[in-house]
Amino acid sequence: MKHEFKLLIDGQSRDGVTTFDVVNPATGETFAQCPKADAAQLEEAVAAARRAFPAWAATPVEARAALVVALADALEARAAEFASLLTSEQGKPLDQAMYEIMGSVFTLRAFAAMRVEPKVLREEGGNSVVEHRTPLGVVGAITPWNFPVILLMNKLGPALVTGNCVVAKPAPTTPLTTLLFGELAKDILPAGVFNVLCDQNELGPLLTGHPDIAKIAFTGSTATGKKVMAAAADSVKRVTLELGGNDAAIVLDDVNPQAVARKVYQGAMANAGQICVAIKRAYVPSSMYDEFCDELARLANEAVVDDGSKQGATIGPVQNRMQFEKVVSLLDSARAEGTVLAGGAPLDRPGYFIPPTIVRDLGDDAALVREEQFGPVLPVLQYDDIEDVIARANDSDYGLGGTVWGRDVARATEVAKRIDTGTVWVNQHLAIDANIPFRGSKQSGIGGELGEAGLLEYTQAHIINAVPLED
Ligand code: NAD
């Protein structure tokens with residue numbers, strides 16, 4: 001029997017006002033129905049979260065953290081079911097889906113172990129100044145479709161541990177894993193502490209403008225992030241914006257091109273390139289450009305592009321039709337302006353399949369170089385001068401991540417220091433960890449997630465400044 005997905009409002013499983021289709025991107029066909037909430041249900045969810053907030057905030061942190069651990073345990077116990085559903089709605093191969101689910105379990109446990117202690121700022125002459133941290137209230141958690149589960153946990157973990165209540169809203173094309181998680185949470189968390197609503201892009205503005213929501217934790221595109229920030233201004237909401245990126249990989253001239261090409265390929269093509277910090281442009285010294293490009297092309301031709309539920313698939317479809325069409329149009333212009341060494345056109349089969357594509361000989365102004373492609377297509381550019389390549393890497397409105405590859409780690413690290421992004425990895429990629437802060441510079445975001453800094457984003461500094469009363 002087909003699973004009937006339900007919203008979660010005030011601790012109750014609820015139907016929406018209607019349902020909408022959820023499409024498996026590997027087939028292009030509808031495989032499930034998602035309940036769709038309306039504005040009145042959003043009001044109910046926000047009101048429930050507000051009602052739940054005082055008791056939840058007053059619950060000792062150890063008890064709150066224990067429930068976050070219980071969520072992690074429940075998710076782990078059903079990891080295979082979650083991974084399979086994630087592959088069906090998102091498209092990524094099953095092993096990558098399992099990796100996301102287990103990463104989510106790890107993230108919840110990591111946040112459950114973190115504490116915010118009061119900080120003594122001054123203790124002298126009878127004057128005591130202490131910074132306490134209080135929860136904000138109701139947090140709206142808005143997530144995108146590339147990593148629907150772990151990006152929710154990055155928000156839910158710190159929000160719950162610090163005593164906030166949450167209204168979550170997943171992306172319309174990947175709502176089901178969030179709804180299934182809501183089913184788990186219903187039996188673990190007090191009513192109203194966590195609510196799940198689904199929409200087809202109508203509820204975001206209502207959440208971001210809602211006067212009873214204290215903070216929006218948003219992950220998605222820069223274009224939508226700007227709207228979130230504008231809507232939040234009216235009530236001076238806290239916002240965390242984790243937005244788009246156009247990460248450069250800079251390959252230095254002392255590496256083994258074949259070995260580094262393998263790592264760059266992986267960094268560009270994992271999750272079919274739909275990672276905020278995927279390698280989205282690679283800069284390679286002229287002296288090894290041909291060899292590097294050829295090795296990337298060889299790897300691309302070896303990839304097994306298939307339905308993520310099929311054993312052996314290494315790269316699945318692009319997640320939705322709109323994104324597929326965007327990547328196809330970037331491919332069209334790249335074919336006209338550069339040299340396509342592998343891939344280059346969508347596969348002639350149902351679903352949204354684009355094979356891994358390597359493009360060389362593009363100019364810096366090509367759309368594929370300047371824009372965030374968010375798909376399995378990598379432009380490879382050449383350089384001769386290190387100052388020049390640093391300037392080209394930094395010539396972007398984005399500033400999310402990036403990588404530098406060099407045998408001389410100290411030299412590579414010096415280059416990394418000059419890349420204007422929130423994170424730069426040296427000789428590795430995607431080393432994201434719940435204990436290490438993650439944030440974008442420039443138009444890649446405001447505030448951040450993960451680490452202690454990510455935990456503090458869910459709190460308000462509350463300074464108590466006391467002196468003895470003099471008669
Ligand atoms: P998107 O901006 O289209 O949608 C993200 C979410 O915002 C969805 O839930 C959507 O329904 C909702 N939304 C739509 N309109 C809204 C509005 N007016 N107000 C509030 N919410 C609204 O993004 P996407 O296409 O789902 O995701 C891909 C993008 O996300 C890429 O740019 C990627 O780089 C970025 N991303 C960033 C990070 C990061 O940590 N920085 C991580 C993953 C993805």
Side-chain angles (χ1 to χ4, degrees), residues 20 25 34 36-37 42 89-90 92 100 103 107 140-155 167-175 177-178 196-210 213 216-234 237 239-247 270-280 318-327 371-375 396-402 421-423 430 432 434 436-450 454 457:
F20 61 89
C34 178
K36 177 167 166 166
L42 180 141
E89 69 173 351
Q90 204 283 333
K92 64 186 71 185
E100 178 174 347
T107 298
I142 302 179
T143 42
W145 44 256
N146 61 338
F147 285 89
V149 185
I150 199 162
L151 292 172
L152 175 62
M153 301 313 148
N154 288 356
K155 299 165 179 54
V167 178
K169 194 210 79 61
T173 54
T174 54
T177 40
T178 301
V196 181
L197 302 173
C198 296
D199 71 341
Q200 288 181 295
N201 283 332
E202 304 85 356
L203 296 184
L206 302 181
L207 282 171
T208 51
H210 202 293
I213 292 185
I216 296 290
F218 174 84
T219 303
S221 63
T222 295
T224 311
K226 289 178 185 179
K227 292 186 195 161
V228 169
M229 197 165 168
D234 197 42
K237 272 186 198 26
V239 288
T240 311
L241 303 178
E242 295 282 6
L243 308 179
N246 190 8
D247 292 10
N271 207 37
Q274 303 161 114
I275 306 185
C276 53
V277 287
I279 294 175
K280 294 184 179 136
V318 168
Q319 199 276 322
N320 58 71
R321 173 166 289 285
M322 218 167 94
Q323 185 61 25
F324 173 76
E325 283 167 1
K326 182 183 158 192
V327 178
E371 292 176 22
E372 181 186 38
Q373 64 273 49
F374 221 61
S396 170
D397 288 338
Y398 293 114
L400 195 58
T421 60
T423 300
L430 214 64
I432 293 181
I436 299 173
F438 178 79
R439 53 192 54 216
S441 74
K442 299 193 274 186
Q443 293 192 23
S444 288
I446 284 193
E449 292 192 328
L450 306 181
E457 296 262 2

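Note that ligands are numbered from 1 as they come in the structure, with each ligand's atoms numbered from 1 the same way.
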Residues that Ser444 engages under side-chain contact (heavy atoms from CB on, under 4.5 Å), provided they are two or more places apart:
Tyr398, Leu400
Does the side chain of Glu89 come under 3.5 Å of the side chain of Thr177 through a donor N or O and an acceptor N or O?
yes
Measure from every N or O atom of ligand 1 to the protein's N or O atoms and keep only the pairs below 3.5 Å, writing each with atom names and distance to 0.1 Å.
residue, atom, partner, partner atom, Å
ligand 1, 2 (O), Ser221, N, 2.9
ligand 1, 2 (O), Ser221, OG, 2.7
ligand 1, 2 (O), Thr224, OG1, 2.7
ligand 1, 9 (O), Thr143, O, 2.7
ligand 1, 9 (O), Lys169, NZ, 3.1
ligand 1, 11 (O), Lys169, NZ, 2.9
ligand 1, 11 (O), Asn201, OD1, 2.6
ligand 1, 23 (O), Ser221, N, 3.3
ligand 1, 25 (O), Trp145, NE1, 3.0
ligand 1, 26 (O), Trp145, NE1, 3.1
ligand 1, 30 (O), Gly220, O, 3.2
ligand 1, 32 (O), Glu372, OE1, 2.7
ligand 1, 34 (O), Glu372, OE2, 2.6
ligand 1, 41 (N), Leu243, N, 3.2
ligand 1, 41 (N), Leu243, O, 2.8

Check whether the side chains of Gln319 and Thr173 place a donor and an acceptor atom closer than 3.5 Å, and report yes or no.
yes
What distance separates Ile142 CD1 from Leu203 CG, expressed to the nearest 0.5 Å?
9.0 Å
Side chains of Pro144 and Thr219, heavy atoms from C-beta outward: is any pair under 4.5 Å?
yes
Aromatic Phe218 / basic Lys227 pairing, under 6.0 angstrom, 45° off normal:
no
